[in-house]
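Below is one structure, written out as structure tokens, with a few remarks after it.
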Amino acid sequence: GTFDETDRDMLGMLANQAAVALDNAQWTHGLEQKVHERTVELNARVDELAILNSVGEAMAKTLDVKTVARIVGDKVRDIFSADQIGILLYEQQTNLMHLIYGYDKANHRYLDDIQIKPFPLGKGLTSKVVESRQPLLLGTREEQDAQGHYMPPEAKGLIKPSESWLGVPIMLNEM
């Protein structure tokens with residue numbers, strides 16, 4: 001019952017095989033973990049797309065601009081947990097910007113009741129987005145002020161200005 005060199009070599013080869021098998025098992029476990037993480041991320045994106053799809057369906061069922069804006073605004077507010085949301089419509093014939101949807105979380109209210117008057121294109125950050133046809137992201141109040149932030153007189157004192165601002169153009173019929 002003593003081991004000889006052949007037994008030692010066989011045991012060494014068996015240990016090497018076991019090391020390779022353990023390494024493969026760890027690699028497989030890591031790969032399974034990555035697949036799980038990516039599946040969770042993908043499911044989150046699917047949920048977001050379902051929200052967007054519901055917006056599209058609602059839009060297809062109605063032609064009322066106010067209703068569509070309310071649906072889109074509410075969904076955007078939910079997705080981004082935004083403190084304030086505004087959807088403005090540029091009317092090319094009059095060169096005016098119209099607030100068609102507004103919500104202020106701090107006051108828990110829609111801004112329909114404030115009766116914000118249309119203002120001319122060229123005034124405010126939304127005008128910059130419309131004119132450039134590019135998104136605009138500003139991280140501070142100072143950046144907003146430097147870029148020409150505009151608060152309609154009807155809203156002053158009723159709405160606290162936001163700390164950051166994001167505007168994106170939604171182009172219809174190439175403006």
Side-chain angles (χ1 to χ4, degrees), residues 36-175:
H36 174 73
E37 290 168 4
R38 297 277 166 84
T39 301
V40 168
E41 290 173 11
L42 183 61
N43 286 338
R45 296 294 174 255
V46 166
D47 292 344
E48 290 170 3
L49 289 174
I51 290 170
L52 293 175
N53 188 43
S54 70
V55 169
E57 287 176 9
M59 290 170 67
K61 293 177 183 175
T62 180
L63 296 176
D64 176 23
V65 173
K66 283 263 189 202
T67 302
V68 172
R70 173 74 59 111
I71 292 166
V72 171
D74 287 348
K75 293 295 181 182
V76 169
R77 190 182 76 216
D78 292 344
I79 291 169
F80 292 103
S81 299
D83 291 336
Q84 296 175 347
I85 297 285
I87 299 175
L88 286 87
L89 181 66
Y90 170 60
E91 187 177 17
Q92 193 171 16
Q93 296 82 0
T94 62
N95 204 39
L96 293 175
M97 303 290 294
H98 299 265
L99 180 71
I100 59 171
Y101 173 88
Y103 185 83
D104 181 36
K105 184 177 180 179
N107 295 310
H108 305 290
R109 69 192 274 187
Y110 289 96
L111 304 180
D112 300 3
D113 57 335
I114 296 177
Q115 300 297 318
I116 294 176
K117 295 178 184 150
F119 57 91
L121 181 69
K123 191 181 264 191
L125 300 173
T126 304
S127 291
K128 285 184 178 272
V129 171
V130 171
E131 291 171 330
S132 70
R133 298 179 181 202
Q134 296 294 315
L136 178 62
L137 173 62
L138 303 171
T140 66
R141 282 289 307 143
E142 292 78 22
E143 287 179 304
Q144 293 174 55
D145 291 339
Q147 291 285 327
H149 177 262
Y150 170 71
M151 178 70 73
E154 302 86 2
K156 287 184 180 173
L158 297 175
I159 301 171
K160 179 184 173 194
S162 61
E163 289 300 315
S164 62
W165 192 91
L166 172 63
V168 294
I170 302 172
M171 305 306 295
L172 177 65
N173 298 329
E174 286 304 305
M175 198 158 95

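- Across all their heavy atoms, Lys105 and Ser81 have their closest contact at NZ-O, 4.4 Å.
- Closest non-hydrogen pair, Pro135 versus Pro169, comes out as N-CD, 3.8 Å.
- Two residues are said to be in side-chain contact when any heavy atoms from C-beta on lie closer than 4.5 Å; Val130 and Met97 meet this criterion.
- Residues Pro153 and Tyr150 come closest through the heavy atom pair CD-OH, 3.4 Å.
- Rounding to the nearest 0.5 Å places CG of Asp47 at 10.5 Å from CD1 of Ile79.
- For the pair Gln84 (side chain) and Lys160 (backbone), a donor-acceptor distance under 3.5 Å is present.
- The distance from the CG atom of Asp83 to the CD1 atom of Ile159 is 12.5 Å, given to the nearest 0.5 Å.
- In this structure, Ser127 contributes its side chain and Leu121 its backbone to no donor-acceptor pair below 3.5 Å.
- Put simply, the side chain of Asn95 reaches to within 4.5 Å of the side chain of Tyr90, judged on heavy atoms.
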Margin query: Determine whether Leu125 and Val129 satisfy the following criterion, side-chain contact (heavy atoms from CB on, under 4.5 Å), listing intermediate values before the conclusion.
Written below: CA-CA 7 Å; Leu125 300 173; Val129 171; 5.8 Å; no
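- A donor-acceptor pair under 3.5 Å is formed between the side chain of Gln144 and the backbone N or O of Ser162.
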Check: Would Trp165 and Arg141 satisfy side-chain contact (heavy atoms from CB on, under 4.5 Å), going step by step from the backbone distance to the final call?
Finding: CA-CA 8 Å; Trp165 192 91; Arg141 282 289 307 143; over 6 Å; no
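- Exactly one of Ile87, Leu99, Leu88, Leu136 qualifies for a side chain to side chain contact (heavy atoms under 4.5 Å, CB included) with Thr126. That residue is Leu88.
- Using modelled atom types, one finds no donor on one side chain facing an acceptor on the other under 3.5 Å when comparing Asp74 with Tyr103.
- A cation-pi geometry, defined here as NZ or CZ lying under 6.0 Å from the six-membered ring centre and within 45° of its normal, does not hold between Arg70 and Tyr101.
- Looking at Leu158 and Asn107, their side chains never come closer than 4.5 Å, going by heavy atoms from C-beta outward.
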Note to self: Is there a side-chain contact (heavy atoms from CB on, under 4.5 Å) between Glu154 and Gln115? Walk through the geometry before answering.
What the structure shows: CA-CA 7 Å; Glu154 302 86 2; Gln115 300 297 318; 6.0 Å; no
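- Between Gly139 and Ser164 the shortest heavy-atom distance is O-CB, 3.9 Å.
- Salt bridge status for Asp78 with Lys75: absent, with no side-chain N to carboxylate O gap under 4.0 Å.
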